[in-house]
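Report on one structure; see the data block that follows.
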Amino acid sequence: MATGKRYQASDIEILSGLEPVRKRPGMFTDTSNPNHLLAEVVDNSVDEVLAGHARRIEVVLHEDGSATVTDDGRGMPVDLHPEHEVSGVELIFSRLHTGAKFSGKNYRFAGGLHGVGVAVVNALSSELEVCIHRAGGAYRMSFAHGKPHARLRRQRGVRPARTGTMVRFKPAVEYFDSGSFSTPELKRLLRAKAVLCPGLEVILREAGRSEPERWCYEDGLADYLRESMRGTELLPAEPFRGKLEGEREIVSWAVHWLPEGGATVTESYVNLVPTPQGGTHVNGLRQGLTTALREFCEARSLLPRRLRLTPEDVWQHCAYLLSVKLAEPMFTGQTKQRLASRECTAFVSGATRDAFSHWLHGHVEMGERIAAVVAGNARRRLSEEQRVERRGSALSSSLLPSKLFDCALQDIERSELFLVEGNSAGGSAQQARDRHFQAVMALRGKILNTWEVSAANLKQCREVHDISLAIGIAPGATSLEGLRYGKICILADADSDGAHIAALLCGLFLKHFRPLVSEGHVYVAMPPLYRIDTGKQVAYAMDEDEKQGVLGRIRAEGRRSTVQIQRFKGLGEMNPGQLRETTMSPDTRRLVRLTLADDGAAEQLLNMLLARNRAQDRLSWLQDKADLARP
């Protein structure tokens with residue numbers, strides 16, 4: 001209820017145009033400085049490069065705090081939009097979710113797919129001017145604080161020799177912690193664009209400096225990585241590199257290992273947009289390198305029998321540069337810092353695994369040197385684990401639930417508990433786990449819906465009581481003192497019943513064990529739906545999109561083996577080896593961490609799903625989302 005008065009329809013505000021951006025700028029861009037605005041404009045020019053229509057991008061930083069980006073692409077559309085009856089330029093800069101990159105007709109690969117990038121730049125700039133050279137004419141339009149200041153006009157007597165777009169904007173300082181561009185960050189960004197797009201010339205001019213900086217690489221990945229790691233011993237001296245192009249994706253990479261350790265370069269990009277938080281493409285690279293190196297070590301008996309490589313061992317002293325191009329990338333957040341496209345993991349993993357395996361067997365001596373570095377990491381890790389004390393008498397097994405198969409480690413940084421649906425799947429999980437750090441407890445189907453149950457009444461539910469004993473935390477506790485596992489993983493079938501059980505458990509933890517969720521200790525395991533066999537090679541896919549990613553990679557590699565696809569009905573269809581490989585092993589599994597948004601979206605969603613008085617809302621939600629269901 002609104003403070004001091006009744007809450008009525010007249011109290012509801014409707015933010016139109018670019019007002020949502022100015023109201024909540026942090027939802028659309030990084031507000032520490034205006035660099036992300038400049039990156040949005042540069043990315044528009046880079047999309048023209050990716051489409052094959054531009055070869056040069058110039059950035060100018062002016063004395064008044066403004067910046068100009070110029071490219072030699074096709075130029076933004078200047079004709080009237082048939083429906084909105086304003087120019088294409090005005091639509092692009094004045095309205096959110098407008099652009100020519102949604103359908104893929106004009107751009108096979110593009111970084112800007114949300115249609116908000118340059119509109120955000122306009123919204124958060126005190127002034128912006130755009131000049132377009134297109135169809136033998138020059139056109140100009142200007143904006144002030146996001147609104148048109150001077151309509152699009154063709155300049156008389158000007159006949160440019162080439163096409164292209166020029167955008168000059170001055171960030172409105174009130175929206176940023178610092179109103180100045182960070183030049184070192186900008187230089188790294190621009191150099192990366194040149195590296196990742198061979199033949200592209202990128203120029204930076206700064207006010208007060210007579211000479212511009214230029215970047216242009218005909219063969220950029222290896223040169224960039226070597227230049228960045230200059231003065232450091234590298235294995236191999238020339239990086240392991242490769243590239244594979246599919247129907248809807250392209251991946252290229254360059255990789256070194258550092259035998260003496262030290263700072264490494266670890267950079268990843270999607271459609272030339274940097275992804276500093278990694279994502280599914282980086283997961284695929286790590287998975288592919290680990291699998292290939294492990295198979296090489298096993299084939300040549302390079303490791304003691306009880307020493308098994310983990311992705312952390314392979315990743316610890318690894319320097320890499322990874323670039324993928326996707327037709328329709330999905331990111332987490334508008335700032336595009338992490339890739340979320342699930343199909344990319346399978347494509348990148350398969351491509352790098354096959355290429356690295358071939359490379360290792362063709363460079364045996366160097367492969368053995370890399371294996372020695374990674375094995376050293378594994379020995380140090382194992383030695384550290386062996387120093388961890390086993391669980392003490394305070395946590396005597398006599399106090400724990402009978403269905404809990406505990407692990408040896410006491411260290412919550414490593415220990416994990418899997419809550420598994422059903423006794424059958426629980427038995428498979430018990431055989432599939434690593435007893436050193438993984439515990440398993442089977443649940444009897446669907447637990448009580450605890451969303452509207454008080455903490456005092458939870459004692460009536462045996463399953464909830466056992467979960468509480470197992471994790472060492474009482475319902476309603478505000479402290480995590482006594483927590484026995486660093487990861488609590490919900491493992492249910494990948495069907496509607498499994499989703500129901502997972503939702504009930506998510507509701508339980510959010511309502512009655514909230515500190516576990518807020519501190520990032522609760523996860524949902526993601527078992528696959530498909531197993532895909534091609535000859536002797538096996539791949540798994542979590543859903544239909546990922547299956548298509550695997551099939552795309554198989555077609556790109558030109559394999560002629562018959563493809564066999566098996567769809568799992570549930571965890572009960574997997575033998576322990578498959579369950580370990582796909583869902584429980586840290587090397588190859590996928591866990592989704594439960595997180596809490598600041599806006600209370602998690603509570604709202606679970607309340608709609610679990611509250612007794614929200615049945616009609618659930619029905620409406622199911623009807624609205626019916627088109628997303630896959631058979």
Side-chain angles (χ1 to χ4, degrees), residues 388-451 453 455-493 498 501-525 571 579 583-584 586 589 591-594:
V388 178
E389 296 181 1
R390 292 178 178 270
R391 299 180 183 274
S393 58
L395 296 174
S396 171
S397 60
S398 61
L399 301 176
L400 299 176
S402 60
K403 289 190 175 182
L404 173 65
F405 293 88
D406 208 357
C407 58
L409 277 181
Q410 183 181 359
D411 183 10
I412 67 169
E413 295 297 323
R414 287 272 292 154
S415 59
E416 304 174 348
L417 170 64
F418 282 83
L419 300 175
V420 187
E421 170 194 351
N423 291 330
S424 176
S428 293
Q430 182 189 349
Q431 298 178 62
R433 68 177 176 141
D434 185 324
R435 289 176 171 80
H436 186 61
F437 67 95
Q438 290 180 326
V440 170
M441 189 169 77
L443 303 177
R444 294 180 301 173
K446 295 183 176 66
I447 69 166
L448 175 71
N449 181 355
T450 62
W451 188 250
V453 177
N457 292 330
L458 285 181
K459 296 179 180 179
Q460 300 175 9
C461 178
R462 179 61 182 269
E463 296 294 323
V464 175
H465 176 262
D466 287 350
I467 291 172
S468 176
L469 283 180
I471 64 179
I473 302 294
T478 58
S479 169
L480 293 183
E481 184 178 355
L483 179 64
R484 305 181 66 242
Y485 305 98
K487 288 185 174 69
I488 299 167
C489 309
I490 300 169
L491 178 53
D493 290 344
I501 292 171
L504 290 170
L505 286 169
C506 289
L508 169 68
F509 287 121
L510 182 59
K511 193 74 171 182
H512 299 287
F513 299 90
R514 191 181 184 89
L516 286 176
V517 180
S518 59
E519 294 297 323
H521 291 288
V522 182
Y523 296 76
V524 177
L571 300 175
L579 188 59
T583 314
M584 298 189 71
R589 72 186 181 190
L591 297 177
V592 175
R593 176 185 283 172
L594 294 186

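This is a predicted model, so every value here is computed, not measured.
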Enter the distance from [X]:[atom1] to [Y]:[atom2] here, rounded to the nearest 0.5 Å.
X      : Y      : atom1 : atom2 : result
Leu448 : Glu463 : CG    : CD    : 10.5 Å
Cys506 : Lys511 : SG    : NZ    : 14.5 Å
Met441 : Ile488 : CE    : CD1   : 10.0 Å
Leu505 : Leu491 : CG    : CG    : 11.0 Å
Arg514 : Glu519 : CZ    : CD    : 11.5 Å
Gln430 : Leu404 : CD    : CG    : 10.5 Å

Sidechain-backbone polar pair: [X] side chain, [Y] backbone, donor-acceptor under 3.5 Å:
X      : Y      : value
His512 : Gly476 : no
Ser468 : Val464 : no
Ser518 : Pro515 : yes
Arg433 : Gln438 : yes
Arg484 : Ala470 : yes

What pair of heavy atoms forms the shortest contact from [X] to [Y], and how long is it?
X      : Y      : answer
Ile473 : Phe513 : O-CE2, 3.2 Å
Val420 : Gly426 : CG1-N, 3.6 Å
Asp493 : Glu421 : N-OE1, 3.0 Å
Tyr485 : Cys407 : CE2-SG, 4.1 Å
Leu579 : Ala432 : CB-CB, 4.2 Å
Thr583 : Ala525 : CG2-CB, 3.8 Å

Under a 4.5 Å cut-off applied to non-hydrogen side-chain atoms, are [X] and [Y] in contact?
X      : Y      : value
Leu510 : Trp451 : yes
Lys403 : Asp466 : no
His521 : Leu480 : yes
Leu443 : Ile467 : yes

